[in-house]
Every structure is written in C-alpha cells, then in structure tokens.
Peer 1: 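A single structure is presented below for examination.
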Amino acid sequence: MLTTRFVDGAPCWIDVTTPDPEGAASFYRALFGWTYRSAGPEGGGYGFLERAGRIVAGCAPLTGDQDPAAWTVYVRSSDADATADAVRKARGSVPAPPVTVGEQGRSAVLADPMGAAFGVWQPGRRAGLESVGEAGSLCWAELYTPDIARAAAFYHAVLGWETSAVSFPGGVYTSVSPQETGEESAFGGMVPLADDPVEAAESRPHWLPYIGAEDPDAVAARAAELGGRVRMPPTSIPGVGRLARLEDPYGARFAVLRGDPRET
C-alpha cells in the first residue's frame, strides 16, 4: 500500500489544476479539512493543500493551453528526463517536458499511448507528499483505459510496474505495484474503460486519485452541498471497502475510499 517511503515507480504526489485556486481550496477545505498554503512569489501561483500541517496535495492555476480542470497523479522517478525519453520510445507523449522546480526536484507531465496523463517527480529536497495512505490523503490510484494489456506493457516498459490479477466478487481486478516489490505493495489498479459505465459515459482514458475517507457517505453528501457532483454514489464492494466517485465544482474528478475487507 502507499507509504511515504517512496520508491521509483510509486505515486508520490498529486495536484489539481483549476481555473479558480481560491474556490477549489475552499471546496476541499470544507470537504476534507485541507488548508491552502502558497508556494511563494516564485511558485507561479502554485500552492500546497495541507492536513494537520502535512502536505497532502498541490494546487495549480490553469493556463490557457491546458486541458480542463483535473487531478494529476505523479510517480517517483530517479531521472525524469530518462523517463520522458522512455515514454516517447514506448509511443506515449510528453505534454509538459521535464522542468526543474528550484531545489525541490524535477517534474514532467507525460501521457500513455491511449492518452491518459500522469506526472513524474524526480526528488531533490522534496521527496513527495508528507501524508499518504490515511484518511484525508491519497490512498489509491486507478487507471481507466480502453486496453489493459497495452497499458500494462507500456507502464512496465516505462516505469517497471508489475500487474497482478486479483479476484473479487463479481470479477477480476488488475492491481499495480512497483517493480519487484510484490502484490503487498500494490498502490492502484487498471480498469477497462468500456466496462465501467460511470467512467465510460463521458470520459477519455485517465487516472483517478482516491482520497481516504472515514465516512464516504458524508463526504459525498457534503460534496454535492458544496457545488460538486456525485458521479457514483457511495457503494460497498466486498473485500475492498466503501467508495464514491466525485467531481469538484470545476470538473476535476476524484474518488473517496474507506478500505475495509469486512465491507458488504
């Protein structure tokens, strides 16, 4: 599962790009208790979302040439430039080439051959998020793709990911873990886009971050009250937990999860 002992290939950062950083910060503060802290005058409008004084996400203003509001999942890389080159070689794309972020690290936004965008972070002074795997922070990441086999081959070639078929009531799930760390280190999964009516109805391939929540029902209700949208109402999945898929008032999609193997 996700921990702050980040290894290459593991998610280490998430951020939301939005046309209204102040409004988004207000929404997530009311939803998760996150507070906003600016990265400073040299941050270009970037800021940090924190819970109990620990960074759980980033927040960035949309620029004119960017896609609509969205959450991005970043994975750790010891060499962002080499990872970008590997993406090109594997027939992906590089929407935002690697750039140095002061002394903090080096960042890039990439995309797989099906068009799902993701980021890479080469740590400098900043290793990554300061809280993951608990309520109010990133706990899982899921790829919705039209071609599981092609996606698995791409991410294995670029990031060394290993995939495993996990059986659960109603089907088989493709879990993902960093190279040679075993299934117990799974941090996310891959879902056939066509098989999921919620995601397939109005989506292109994408990554969806899950935020831990002690009460997904209350979070979903509150999101709707705050002007967000409940894309999939709270649902229990045996052996997984209770989850809901949501959208903030600006269109950025995310999910919440209370993991509980006893959930029915």
Side-chain angles (χ1 to χ4, degrees), residues 9 11 14 16-17 66-75 86-88 90-95 109-119 138-178 183 186-211 216 220 223-224 228-248 250-259 263-264:
I14 53 172
V16 59
T17 50
Q66 287 180 305
D67 288 333
W71 278 96
T72 300
V73 177
Y74 293 73
V75 298
V87 164
R88 295 185 185 98
R91 304 199 175 194
S93 61
V94 182
V109 176
L110 315 172
D112 67 27
M114 284 68 72
F118 64 100
L138 178 69
C139 67
W140 195 252
E142 214 160 52
L143 172 67
Y144 290 85
T145 178
D147 192 332
I148 293 280
R150 188 178 181 193
F154 169 83
Y155 288 103
H156 178 75
V158 171
L159 298 170
W161 287 358
E162 303 290 348
T163 55
S164 301
V166 180
S167 297
F168 70 96
V172 176
Y173 185 79
T174 301
S175 69
V176 180
S177 57
E183 291 183 23
F187 59 77
M190 298 180 180
V191 179
L193 189 58
D195 292 351
D196 192 302
V198 174
E199 298 302 324
E202 47 192 80
S203 295
R204 57 186 182 182
H206 64 283
W207 279 95
L208 186 73
Y210 279 70
I211 307 301
R229 177 184 171 202
V230 179
R231 303 186 63 249
M232 186 184 82
T235 303
S236 292
I237 300 177
V240 176
R242 191 160 178 82
L243 59 91
R245 296 186 206 151
L246 310 172
E247 185 176 294
D248 73 18
Y250 310 98
R253 297 174 179 180
F254 62 101
V256 292
L257 169 68
R258 182 186 70 216
E263 196 75 64
T264 59

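Values below: every heavy atom of this structure, side chains too, minus hydrogens, waters and symmetry copies. Note that the structure is a prediction, hence the values are computed from the model and not measured.
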Peer 1: Enter the distance from Arg91:CZ to Asp112:CG here, rounded to the nearest 0.5 Å.
Peer 2: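 Rounded to the nearest 0.5 Å, the CZ-CG separation comes out at 14.5 Å.
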Peer 1: So, using side chain to side chain donor-acceptor pair (under 3.5 Å) as the criterion, who are the partners of Trp207 when residues are at least two apart?
Peer 2: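 So Trp207 forms a side chain to side chain donor-acceptor pair (under 3.5 Å) with Tyr155.
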Peer 1: Once side-chain contact (heavy atoms from CB on, under 4.5 Å) is applied, do any residues pair with Thr174, and if so which ones, sequence neighbours excluded?
Peer 2: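 Applying side-chain contact (heavy atoms from CB on, under 4.5 Å) to Thr174 gives Ile148, Thr163, Met190.
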Peer 1: For the pair His206 (side chain) and Ala116 (backbone), establish whether a donor and an acceptor sit closer than 3.5 Å, ignoring hydrogens and angles.
Peer 2: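 No: the side chain of His206 does not pair with the backbone of Ala116.
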Peer 1: Suppose we screen for side chain to side chain donor-acceptor pair (under 3.5 Å). Which residues come up paired with Tyr173, at least two apart in sequence or across chains?
Peer 2: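 Testing Tyr173 for side chain to side chain donor-acceptor pair (under 3.5 Å), a comparison that skips the adjacent residues, returns Trp140, Glu142.
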Peer 1: Please name the pair of heavy atoms, one in Val73 and one in Pro11, separated by the smallest distance, quoted to 0.1 Å.
Peer 2: CG1-CB, 4.2 Å
Peer 1: What closest approach, in Å, do Ala111 and Pro95 show between heavy atoms, and which atom pair accounts for it?
Peer 2: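 Smallest heavy-atom distance, with atoms named: N-CD, 3.9 Å.
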Peer 1: Provide the closest heavy-atom pair for Ala186 versus Ser175 in the form atom of the first, atom of the second, distance.
Peer 2: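 Minimum heavy-atom contact is CB-CB, 4.3 Å.
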Peer 1: Tell me the closest heavy-atom pair linking Leu243 and Met232, and the distance in Å.
Peer 2: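 In terms of heavy atoms, the two residues are closest at CD1-CE, 2.7 Å.
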Peer 1: In Å, rounded to the nearest 0.5 Å, how long is the span from CZ of Arg258 to OH of Tyr210?
Peer 2: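 Taking CZ in Arg258 and OH in Tyr210, the distance rounds to 14.5 Å.
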Peer 1: Compare every heavy atom of Ala255 with every heavy atom of Leu208, then report the nearest pair and how far apart it is.
Peer 2: CD2-CB, 3.9 Å
Peer 1: My understanding is that only residues two or more places apart in sequence, or in another chain, count here; which of them pass side-chain contact (heavy atoms from CB on, under 4.5 Å) with Pro233?
Peer 2: Val230
Peer 1: Run the side-chain contact (heavy atoms from CB on, under 4.5 Å) test against Ala90 and tell me which residues pass, sequence neighbours left out.
Peer 2: Phe154, Val158
Peer 1: Can you name the residues that form a salt bridge (Lys or Arg N to Asp or Glu O under 4.0 Å) with Arg88, not counting sequence neighbours?
Peer 2: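 Testing Arg88 for salt bridge (Lys or Arg N to Asp or Glu O under 4.0 Å), a comparison that skips the adjacent residues, returns Asp85.
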Peer 1: Tell me, please, which residues at least two apart from Arg150 pass side-chain contact (heavy atoms from CB on, under 4.5 Å).
Peer 2: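 In terms of side-chain contact (heavy atoms from CB on, under 4.5 Å), with neighbours along the sequence ignored, Arg150 is linked to Pro113, Met114, Asp147.
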Peer 1: Taking the side chain as every heavy atom from C-beta outward, state whether Phe254 and Arg231 have any pair of such atoms under 4.5 Å apart.
Peer 2: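 Not in contact.
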Peer 1: So how far is it from Arg242 CZ to Thr235 OG1, rounded to the nearest 0.5 Å?
Peer 2: 6.5 Å
Peer 1: So, do Leu138 and Phe187 sit near enough that their side-chain heavy atoms are less than 4.5 Å apart?
Peer 2: no
Peer 1: What I'd like to find out is whether the side chain of Leu143 reaches to under 4.5 Å of the side chain of Val176, using heavy atoms alone.
Peer 2: no
Peer 1: Can you name the nearest heavy-atom pair linking Pro205 to Thr145, along with the distance?
Peer 2: CB-CA, 4.5 Å
Peer 1: With heavy-atom distances below 4.5 Å as the criterion, would you say the side chains of Phe118 and Leu110 are in contact?
Peer 2: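 SC-SC contact between Phe118 and Leu110 confirmed.
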